[in-house]
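I have placed the structure first, in the form of structure tokens, so that the comments after it can refer back to it.
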Amino acid sequence: MMKEKDELTELCVKIERGLEISFDKLIAFKKYKNTPFVFERNGNIVEMSAEEVESEMNESKKTKSYKKENEVHLVNEPSKKASPKG
């Protein structure tokens, strides 16, 4: 069971890193083309420059690094608080 959990944890880390790399490339592309990011936020259409998005993401990373848990919990994994039946 631990081996499977370790493999899933490693896979999650790799996926997160891949998404970070992809987003960094998207920001670089938007800077190169000098085009804004366009998205919906709180029901409004928002346009932001690549620099603004990058700055906002960096601030978000700083905040999340304090709150982020190091442990991954599988959906079907029993809680550690649950007492074994028997």
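Judged by distance alone, the side chain of S60 and the main-chain N or O of E56 form no donor-acceptor pair under 3.5 Å. A donor-acceptor contact shorter than 3.5 Å links the side chain of T9 to the backbone of K5. K30 places a side-chain N or O within donor-acceptor distance of the main-chain N or O of P36, the cut-off being under 3.5 Å.
Other residues, nucleotides and ligands contribute only 12 or fewer heavy atoms inside 6.0 Å of the CG atom of N34.
V13 and F23 sit in two unconnected hydrophobic clusters of ILVMFWY residues. Membership requires side-chain heavy atoms under 4.5 Å apart, directly or through other members. Using a 4.5 Å cut-off between side-chain heavy atoms of Ile, Leu, Val, Met, Phe, Trp and Tyr, with links allowed through other members, I27 and F29 fall into different hydrophobic clusters.
With contacts defined as side-chain heavy-atom distances shorter than 4.5 Å, the pair E10/D6 does not qualify. Looking only at side-chain heavy atoms (C-beta outward), E52 and F37 stay at 4.5 Å or farther from each other.
Distance check, rounded to the nearest 0.5 Å: CD of E54 to CG of L26 gives 11.0 Å. Here the CZ-OG distance, from R17 to S22, works out to 10.0 Å after rounding to the nearest 0.5 Å.
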